[in-house]
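So you know, we letter chains A, B, ... as the sequences are listed, proteins then strands, and number each from 1. Atoms considered below: every heavy atom in the structure, side chains included; atoms not considered: hydrogens, waters and symmetry mates. Note that the structure is predicted; figures quoted are calculated from it, not measured.
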2 protein chains.
Amino acid sequence: MVNKSALVYDDLMQKIDGEVYKLGTYLPSENQLCELYGISRETGRKALAALAENGYIQKIRGKGSLVIEHRQYEFPVSGIVSYKELAQKLHITTKNVVYDYEPNGTLPVAAFASLGVDLTEAPVTVIKRVRVIDDEPDIIDKDYILKTVVPEVPKRAAEDSLYAYFEDELELEIGYATKEITMEPANAEDRQQLHLDDGAYMAVVRSVTSLTDARAFQFTESRHRADKFRFRDFARRQHNPL
Amino acid sequence: MVNKSALVYDDLMQKIDGEVYKLGTYLPSENQLCELYGISRETGRKALAALAENGYIQKIRGKGSLVIEHRQYEFPVSGIVSYKELAQKLHITTKNVVYDYEPNGTLPVAAFASLGVDLTEAPVTVIKRVRVIDDEPDIIDKDYILKTVVPEVPKRAAEDSLYAYFEDELELEIGYATKEITMEPANAEDRQQLHLDDGAYMAVVRSVTSLTDARAFQFTESRHRADKFRFRDFARRQHNPL
DNA sequence: TAGTGGTCTAGACCACTAG
DNA sequence: TAGTGGTCTAGACCACTAC
């Protein structure tokens, strides 16, 4: 048996998404969850804490766990989710055109300096792709993958899903990412790949992704047409952090 | 005594910030924390889980809690932090000019529709402010505060800090916020208040803030000069959500 | 083998909400 | 008063890392 609290989390999440537990109503109480799932109270509380953290519920003392408005998945992304996963979740068809592939490249360190990167001359695999959504090229993704961690990235993985390759084939465990969003004028490459005019603006998302052993291994610069960009975030106020 | 795990969290966080525990080193083990603070293991684990969630550490099984690169606070904001708090943390001096104040306004519902707002004709207090950073006006904030929750917002609170007024004076408990970032062309008001040219772009952050009892009460449209905008985010990959 | 973190339990006491 | 969530405990067993 695996992770009881994760099973409870998944079950409750699906029932919220499926409106078994509707917006504005309360989940079963913690004691009821103990009986329903045959678990101890702290185990159920872990599942509830994760639901609260992810914006599904608000816990109210003396009352219960209230289901709240939840809109996590919006294009392009909040959290760490691969495009393939996201496209499936949203029932969008995205095409994925690899327009540059360089197995022996070098990391453009300067671009990621503000994210705390202090490598120099790191050997990487470079992959540049255009994401086509509804027959319109909207996003350029430039990925730099450290060869010290992933010696080789087959082109086929770039055409399908890098995450699937890292996690399913190489069995790497992706841990966390730091990302930074800025706005910048479109450059020549942007204008060419996305068919933009002079004076166009881009939303640029630069991110550094690390494994669960804390090795940073993937550096991504994602450049979005400004008019198609939308980022959603859910955050809790930290009175005390717990 | 309050919240032991929060005390432990604060202490560890300060020691990480103060480099008592340096980047790339390990915190004391969970058993050591039990002895150090006189707590049970689960209590210490709560503190560690919160540190991991906020990007201070990466827990590695069999090894320990590794201190990782952490850059949460960057202007303008990630998470729910007031400008006043942020300015203090970053040692920035921001001026705050209220240029419009309407005690009997109406919520512009359409602007917040994509955030799940379905109110109509809600009476609000309207506050419009310009944030001046380093003698340059960079941000317009338009706040709409529901009169059903906060009957009155004194102008003085708008000139100081709305959060301080809500939390310290009214003792409201702010719970969470949903925010959305988009990129939009500057409008006439933007150009006038921020002295921008035609063709300028803005980063627009719209947010809905709710109390811990899940009542949405504050709607904010924050409009940033594109070239000054920077948003940073830390996210964990959810293999399983716990 | 010893030490680390990951999970789960059963029980306790407290603070808040509702009737 | 009964029911809810908030916190903490002491102990157990497991999986992984390092030696």
Side-chain angles (χ1 to χ4, degrees), chain A residues 1-10 12 21 25-53 56-68 171-173 175 211-215 236-242, chain B residues 1-10 12 21 25-53 56-68 171-173 175-176 211-215 236 238-242:
Chain A
M1 152 108 56
V2 289
N3 215 338
K4 286 191 190 180
S5 46
L7 292 176
V8 174
Y9 175 94
D10 285 337
L12 291 174
Y21 301 125
T25 67
Y26 287 89
L27 297 185
S29 77
E30 295 184 350
N31 286 322
Q32 289 171 326
L33 291 178
C34 295
E35 294 207 343
L36 276 172
Y37 293 100
I39 55 177
S40 71
R41 193 169 152 228
E42 284 289 3
T43 300
R45 280 179 59 76
K46 274 195 193 172
L48 294 176
L51 288 169
E53 186 62 39
Y56 286 94
I57 61 172
Q58 173 68 30
K59 304 194 78 179
I60 305 177
R61 179 168 9 193
K63 302 180 90 170
S65 297
L66 181 66
V67 179
I68 61 177
E171 295 189 324
L172 297 176
E173 290 209 312
L211 302 172
T212 51
D213 63 7
R215 283 182 295 166
R236 292 194 165 272
R237 171 79 165 154
Q238 306 214 342
H239 308 86
N240 75 61
L242 302 180
Chain B
M1 151 109 56
V2 289
N3 214 339
K4 287 190 188 180
S5 45
L7 292 177
V8 174
Y9 174 95
D10 285 337
L12 291 174
Y21 300 126
T25 67
Y26 288 89
L27 296 185
S29 76
E30 296 185 350
N31 286 322
Q32 289 171 325
L33 291 178
C34 295
E35 295 206 344
L36 277 172
Y37 294 100
I39 56 177
S40 72
R41 195 170 151 226
E42 284 290 3
T43 299
R45 281 179 59 75
K46 274 194 193 172
L48 294 176
L51 288 169
E53 186 62 40
Y56 285 94
I57 63 172
Q58 173 68 29
K59 304 194 77 178
I60 305 178
R61 181 176 356 201
K63 302 181 89 171
S65 297
L66 181 67
V67 178
I68 60 177
E171 295 190 323
L172 297 176
E173 289 209 313
Y176 58 92
L211 302 171
T212 50
D213 64 6
R215 282 182 295 166
R236 292 194 165 270
Q238 307 214 338
H239 308 86
N240 75 61
L242 302 180

query: Given the rule in the side-chain contact (heavy atoms from CB on, under 4.5 Å) test, do B/Leu51 and B/Leu12 qualify, once you have shown the distances and angles that lead to the verdict?
result: CA-CA 8 Å; B/Leu51 288 169; B/Leu12 291 174; 3.8 Å; yes
message: One pair to check against side-chain contact (heavy atoms from CB on, under 4.5 Å): A/Leu211 and A/Glu173. What are the steps and the verdict?
response: CA-CA 6 Å; A/Leu211 302 172; A/Glu173 290 209 312; 5.8 Å; no
- prompt: Taking it one step at a time, do B/Leu33 and B/Thr43 satisfy side-chain contact (heavy atoms from CB on, under 4.5 Å)?
  reply: CA-CA 10 Å; B/Leu33 291 178; B/Thr43 299; over 6 Å; no
query: Reading DNA chain D 5' to 3', what string of ( ), [ ], | and . shows its pairs, if Watson-Crick and G-U wobble pairs count only when both distances fall under 3.5 Å?
result: ||||||||||||||||||.
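Proximity of A/Ile57 to A/Tyr26: side-chain heavy atoms (C-beta onward) are nowhere separated by under 4.5 Å. A heavy-atom distance below 4.5 Å is found between the side chains of B/Tyr21 and B/Pro28. Considering only heavy atoms from C-beta on, A/Leu27 comes within 4.5 Å of A/Leu48 through its side chain.
Distances shown here put a side-chain N or O of B/Ser5 below 4.0 Å from the OP1 or OP2 atom of D/dC8. Remark: B/Lys59 is not in phosphate contact with C/dT4, judged by side-chain N or O atoms under 4.0 Å from OP1 or OP2. Applying the 4.0 Å criterion to OP1 and OP2 of D/dT4, one finds that A/Ser29 has a side-chain N or O inside that range. Proximity of A/Asn3 to the phosphate of C/dC8: a side-chain N or O atom is located under 4.0 Å from OP1 or OP2. The side chain of B/Thr43 contributes an N or O atom lying less than 4.0 Å from OP1 or OP2 of D/dT9.
Taking atom NZ of residue A/Lys46 and atom P of nucleotide D/dT7, one finds them 15 Å apart after rounding to whole Å. The CD-P distance, from A/Glu35 to D/dT4, rounds to 10 Å in whole Å. For A/Gln58 and D/dT4, the CD to P distance is 18 Å, given to the nearest whole Å. Rounded to whole Å, atom P of D/dG6 lies 14 Å from atom CG of B/Asp213. Rounded to whole angstrom, the span from the CG atom of B/Leu51 across to the P atom of C/dG5 amounts to 13 Å. When rounded to the nearest whole Å, the span between NZ of B/Lys4 and C1' of D/dG6 equals 14 Å. Taking atom OH on B/Tyr26 and atom P on C/dG3, their separation rounds to 18 Å, with Å as the unit. Distance B/Ile57 CD1 to C/dT4 C1': 13 Å, rounded to the nearest Å.
Across all strands, B/Leu48 comes closer than 4.0 Å to no nucleic acid atom at all (heavy-atom distances).
Comparing atom distances between the A/Gln32 side chain and each of C/dC8, D/dT4, D/dA10 picks out D/dT4 as nearest.
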B/S/- contact track for nucleotides 11-19 of chain C, protein heavy atom under 4.0 Å: -B--BBSS-
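A donor-acceptor pair under 3.5 Å links the side-chain atoms of A/Gln32 to the main chain of A/Ser29, judged by distance alone. Here the side chain of A/Arg236 pairs a donor or acceptor atom with the backbone of A/Ala52 at under 3.5 angstrom. A donor-acceptor contact shorter than 3.5 Å is absent between the side chain of B/Gln58 and the backbone of B/Val67.
Counting only residues at least two apart or in different chains, salt bridge (Lys or Arg N to Asp or Glu O under 4.0 Å) contacts with residues 59-68 of chain A comprise A/Glu30-A/Lys59.
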